[in-house]
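Side-chain atoms are counted along with the backbone in the values below, which use heavy atoms only and exclude waters and symmetry mates.
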Amino acid sequence: MRASRRFHVAAVAELLLGVPTVLSSLLFVAVLGRAVSQDKWWVFPVVWLVSGAIVFVLATDRVLAALVHRLRKPTRTESAALQPLLEDVCATAGVDPRRYWLRIQNSREINAMAVGGHVVGVSTAALGLPREQLEAVLAHEIGHHLAGHTMISLVRWWYELPARTVILVVVLAGAVVLRIGQVLGGTATVVSRVVVVALGIAAVLASPWLLLVPVIAPLVALTSRRAELHADRVAAELGYGPRLLEVLQRWIREGHDDIRARAGLRARMLASHPSCAQRITRLQRKG
């Protein structure tokens with residue numbers, strides 16, 4: 001069966017949900033430009049918008065895979081085990097396997113991931129899965145790539161960097177001020193709290209869109225969970241449903257859903273993955 005290659009609704013929703021934070025980034029970059037040059041300030045936001053093209057450069061995937069996700073190139077033995085499986089999945093899906101690069105995550109947990117538009121990573125523990133199950137895991141990750149989930153996430157991540165950096169700086173500055181107030185004690189403690197509140201108000205006044213973050217974050221997590229279910233469906237449509245079910249059932253036996261059940265409501269709302277039980281139920285319905 002040939003899999004369709006088009007942006008899934010979850011990817012489009014994630015892109016739209018990133019608009020407020022991207023606008024915040026645009027505002028901060030414009031303010032930075034104004035601080036540097038009164039006449040040519042507009043160059044900064046323009047250059048920043050154009051810089052988004054970097055996410056479509058092939059080397060970007062490799063750099064992010066190594067630096068952000070700590071993925072490495074497979075050894076000859078690992079490549080010999082994985083490459084035929086990837087080629088089989090791509091042949092079934094009707095896509096060129098040369099589009100995708102295999103990478104390895106040193107981890108004792110069974111895991112896999114899709115990064116950017118080309119990287120398919122698996123953990124060293126996942127290499128111990130039976131051949132058919134590992135192939136099903138690869139099919140799930142290819143499903144993410146075919147639906148555009150990871151590429152959209154990368155675009156959003158890049159354009160949100162300025163806003164996220166400013167938020168991080170404000171949070172760190174607030175933490176330092178509070179710590180100084182605690183050390184000095186007395187009036188300094190009260191003053192530090194006032195300064196922290198002032199920092200928060202200034203950040204919101206500079207970018208009112210930040211007020212939407214508490215609402216947007218759970219919605220982004222929801223789109224991520226929908227993306228996972230869609231990738232499962234793609235794998236099932238390619239014929240890997242039964243083997244993927246076996247992997248999910250193994251995760252349940254290893255206690256993955258137990259950890260999720262113990263988490264609070266907020267943690268569950270912000271979870272990027274649905275429970276294994278939910279994924280199993282959806283796959284069984286498709287079967």
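A search for salt bridge (charged side-chain N to carboxylate O under 4.0 Å, His left out) contacts involving Arg103 returns nothing, not counting sequence neighbours. Partners of Glu14 under the salt bridge (charged side-chain N to carboxylate O under 4.0 Å, His left out) rule, at least two apart in sequence or in another chain, are Arg156. Looking at residues two or more places apart in sequence or on another chain, you find a ring-ring contact (aromatic ring centres under 6.0 Å, His included) between His144 and His140, His149. Considering only residues two or more places apart in sequence or on other chains, Trp48 meets the ring-ring contact (aromatic ring centres under 6.0 Å, His included) condition with Tyr159.
Each side-chain hydrogen bond (donor to acceptor under 3.5 Å, both in side chains) pair with one or both residues in residues 118-130, not counting sequence neighbours, would appear here, but there are none. Counting only residues at least two apart or in different chains, salt bridge (Lys or Arg N to Asp or Glu O under 4.0 Å) contacts with residues 104-123 are absent. For residues 19-30, the set of pairs meeting the side-chain hydrogen bond (donor to acceptor under 3.5 Å, both in side chains) definition, not counting sequence neighbours, comprises Ser24-Ser207. Annotation: salt bridge (Lys or Arg N to Asp or Glu O under 4.0 Å) contacts involving residues 48-76, sequence neighbours excluded, comprise Arg72-Glu78.
Connection of Leu154 to Val50 is not established within any shared hydrophobic cluster, with ILVMFWY side chains joined at heavy-atom distances below 4.5 Å, either directly or through further cluster members. Linking ILVMFWY residues whenever their side-chain heavy atoms come closer than 4.5 Å, directly or via other members, places Phe44 and Leu49 in the same cluster. Put simply, Met151 and Leu64 are part of the same group of oily side chains (I, L, V, M, F, W, Y) that touch within less than 4.5 Å, one to the next. Each of Val166 and Val197 belongs to its own hydrophobic cluster when Ile, Leu, Val, Met, Phe, Trp and Tyr are linked at side-chain heavy-atom distances under 4.5 angstrom. Follow the hydrophobic side-chain contacts under 4.5 Å out from Leu26 and you reach Leu161 in the same cluster.
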| message | Between Val120 and His145, is the side chain to side chain contact (heavy atoms under 4.5 Å, CB included) condition met? List the steps. | response | CA-CA 9 Å; Val120 176; His145 282 305; 3.9 Å; yes
| query | Does the pair Trp158 and Ser51 meet the rule for a side-chain hydrogen bond (donor to acceptor under 3.5 Å, both in side chains), with working shown? | reply | CA-CA 9 Å; Trp158 178 263; Ser51 73; 3.1 Å; yes
| message | Would Ile142 and Val234 count as a side chain to side chain contact (heavy atoms under 4.5 Å, CB included) here? Give the steps. | response | CA-CA 9 Å; Ile142 293 298; Val234 172; over 6 Å; no
| message | Between Val122 and Ile110, does the side chain to side chain contact (heavy atoms under 4.5 Å, CB included) criterion hold? Intermediate values first, please. | response | CA-CA 8 Å; Val122 298; Ile110 297 174; over 6 Å; no
| said: Determine whether Ser275 and Gln278 satisfy the following criterion, side chain to side chain contact (heavy atoms under 4.5 Å, CB included), listing intermediate values before the conclusion. | reply: CA-CA 5 Å; Ser275 67; Gln278 182 182 4; 3.4 Å; yes
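Cluster note: Leu67 groups with Val63 through ILVMFWY side-chain heavy atoms spaced under 4.5 Å, whether in direct contact or through intervening members. Annotation for Met113: hydrophobic cluster partners, listed by chain and number, are Leu58, Leu71, Trp101, Val115, Val119 (ILVMFWY side-chain heavy atoms under 4.5 Å, direct or chained).
Atoms CG and CD1, from Asp232 and Ile280 in turn, are 10.0 Å apart once rounded to the nearest 0.5 Å. Annotation: the span from Thr92 atom OG1 to Glu87 atom CD amounts to 11.5 Å, rounded to 0.5 Å. One distance of note links CZ of Arg282 with CG of Leu229; it measures 5.0 Å at 0.5 Å rounding. Taken to the nearest 0.5 Å, the CG atom of Leu86 stands 10.0 Å off from the CG atom of Leu134.
What you find for Ser79 and Pro74 is that their closest heavy atoms are N-CB, 3.9 Å. Residues Trp41 and Ser37 approach most closely at CB-O, 3.2 Å, considering heavy atoms. Residues Ile54 and Thr60 approach most closely at O-OG1, 2.5 Å, considering heavy atoms. Across Ser272 and Glu228, no two heavy atoms sit closer than the pair O-CG, 4.0 Å. Closest non-hydrogen pair, Thr223 versus Ala10, comes out as O-CB, 3.5 Å. Taking both residues in full, the closest heavy atoms of Phe28 and Ala163 are given as CD1-CA, 3.8 Å, listed atom of the first, atom of the second, then distance.
At a threshold of 4.5 Å between non-hydrogen side-chain atoms, the residues Arg34 and Val31 do not count as touching. Pro218 places a side-chain heavy atom less than 4.5 Å from the side chain of Leu270.
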Under 3.5 Å donor-acceptor pairs involving side-chain atoms of residues 238-251, not counting sequence neighbours:
{"unit_1": "Tyr240", "atom_1": "OH", "unit_2": "Glu135", "atom_2": "OE2", "d": "2.9"}
{"unit_1": "Arg243", "atom_1": "NH1", "unit_2": "Glu246", "atom_2": "OE2", "d": "2.8"}
{"unit_1": "Glu246", "atom_1": "OE1", "unit_2": "Gln133", "atom_2": "NE2", "d": "3.0"}
{"unit_1": "Arg250", "atom_1": "NE", "unit_2": "Glu254", "atom_2": "OE2", "d": "3.2"}

Which side-chain N or O atoms in residues 167-196 pair as donor and acceptor under 3.5 Å with protein atoms at least two apart or in another chain?
{"unit_1": "Thr189", "atom_1": "OG1", "unit_2": "Gly181", "atom_2": "O", "d": "2.8"}
{"unit_1": "Ser192", "atom_1": "OG", "unit_2": "Ala188", "atom_2": "O", "d": "3.3"}
{"unit_1": "Ser192", "atom_1": "OG", "unit_2": "Thr189", "atom_2": "O", "d": "2.6"}

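A salt bridge links Arg131 with Asp88: at least one charged nitrogen is closer than 4.0 Å to a carboxylate oxygen.
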